[in-house]
Amino acid sequence: MERDLNTPDQLKMLEDNIGRIKKKLIVLSGKGGVGKSTVAVNMAYGFAISGYKVGILDVDLHGPSIVKMLGIEGIGIGNNEGEMPTPVKVHDNLHALSIASLLPGPDEPVIWRGPAKMGVIKQFMQEIEWPELDLLVIDCPPGTGDEPLSAVQILKKIDGAVIVSTPQDVAFLDARKTISFSQKLNIPILGIIENMSYLTCPHCNKKVDVFKGSGAEKAAKDFDLDVIAKIPLDTNIMETGDAGRPYIYDYSKKDGAKEFQKAIEAVAEKLDIHK
Ligand code: ADP
């Protein structure tokens, strides 16, 4: 028999959880591998380090990577006897929840269809007690499928979206669909983040456009949006991601970290977030 996900207790928990979250930010991309989770994690960390209370919710059910990037692989959700389970505490101000924290091992695949995915995302908000948060960052799988749609339906109101893409025109063909998706769902688009924008040559310090293209500028112009950050290709971004460390903190003086900071400031201003 299917589990009832709409008991009065569950619906009350959903209302209570939503009531404790001041602002909700969704991170979208058209394609996989463009750095969407990297952006979600660094933005969440950046806000948390600045003193905001932040949650990060990974609804990328088929490729959950935030637990690795946050260094919480293998750590289960908080589960004190007699209390509701809670998200994993990554830092005093940062709480994370991912399907990966609920699966028996990192190699377990998730084989579900749409309605089951919706059920899991519901459980994330109905059976887990979230703390008071200034901001919840929602990391979605690439594209405009079941997960972002379910997250939007369950969380009711999403305050803003950031769209992540690499510079190539072909990458932006898909990113443009996420822009239309956000517009159809009445989610204000706070800006575009162009990732892997360029590479600074370690020998001559010249900037190299590895992925040539002006997709971000063109999409920004066509949809009247801002490009809020241009993050370079940087091996330290990849290394810190693999090591579960926050690049924005460990390499705060580097251009990439400064760009993440710029994106954070733009989002804080557009969402009017206060500590
Ligand atoms: P997505 O969420 O879009 O699938 P990820 O954030 O998982 O993408 O990033 C894919 C890979 O690229 C990861 O190994 C990540 O560390 C790396 N990466 C992302 N952005 C950069 C960057 N600017 N420079 C170097 N490596 C990056």
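Predicted model, so just to flag it, every value in this text is computed and none were measured. Order of listing sets the numbers, starting from 1, for every ligand and every atom in it. Just so you know, residue 1 is the first one in the sequence shown, and it goes up from there.
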Test item: Ile189 and Phe223 side chains (from C-beta on) under 4.5 Å apart, heavy atoms: no

Donor-acceptor pairs are to be reported for all side-chain atoms of residues 157-165 against protein atoms at under 3.5 Å, with residues two or more places apart or in another chain.
unit_1: Lys157; atom_1: NZ; unit_2: Asp159; atom_2: OD1; d: 2.6
unit_1: Asp159; atom_1: OD2; unit_2: Lys24; atom_2: N; d: 2.7

I need the full list of salt bridge (Lys or Arg N to Asp or Glu O under 4.0 Å) pairs touching residues 88-101, with sequence neighbours left out, sorted by first then second residue. Lys89-Asp92

Please check this pair: side chain of Asn195 against backbone of Val34, looking for a donor-acceptor N/O pair closer than 3.5 Å. yes

Main-chain N/O of Cys140 paired with Lys36 side-chain donor or acceptor, under 3.5 Å: yes

Could you tell me which residues satisfy side chain to side chain donor-acceptor pair (under 3.5 Å) with Tyr45, sequence neighbours excluded, listed by chain and number? none

Show the short N or O contacts, below 3.5 Å, that ligand 1 makes with protein N or O atoms; if there are none, say 'none'.
unit_1: ligand 1; atom_1: 2 (O); unit_2: Lys36; atom_2: N; d: 3.4
unit_1: ligand 1; atom_1: 2 (O); unit_2: Lys36; atom_2: NZ; d: 3.4
unit_1: ligand 1; atom_1: 2 (O); unit_2: Ser37; atom_2: N; d: 2.8
unit_1: ligand 1; atom_1: 2 (O); unit_2: Ser37; atom_2: OG; d: 3.0
unit_1: ligand 1; atom_1: 3 (O); unit_2: Gly33; atom_2: N; d: 3.3
unit_1: ligand 1; atom_1: 3 (O); unit_2: Val34; atom_2: N; d: 3.1
unit_1: ligand 1; atom_1: 3 (O); unit_2: Gly35; atom_2: N; d: 2.9
unit_1: ligand 1; atom_1: 3 (O); unit_2: Lys36; atom_2: N; d: 2.8
unit_1: ligand 1; atom_1: 4 (O); unit_2: Gly33; atom_2: N; d: 2.7
unit_1: ligand 1; atom_1: 6 (O); unit_2: Ser37; atom_2: N; d: 3.4
unit_1: ligand 1; atom_1: 6 (O); unit_2: Thr38; atom_2: N; d: 2.8
unit_1: ligand 1; atom_1: 6 (O); unit_2: Thr38; atom_2: OG1; d: 2.6
unit_1: ligand 1; atom_1: 8 (O); unit_2: Gly35; atom_2: N; d: 3.0
unit_1: ligand 1; atom_1: 20 (N); unit_2: Asn195; atom_2: ND2; d: 2.9
unit_1: ligand 1; atom_1: 23 (N); unit_2: Asn195; atom_2: OD1; d: 2.9
unit_1: ligand 1; atom_1: 23 (N); unit_2: Pro232; atom_2: O; d: 2.9
unit_1: ligand 1; atom_1: 24 (N); unit_2: Asp234; atom_2: N; d: 3.0
unit_1: ligand 1; atom_1: 24 (N); unit_2: Asp234; atom_2: O; d: 3.3

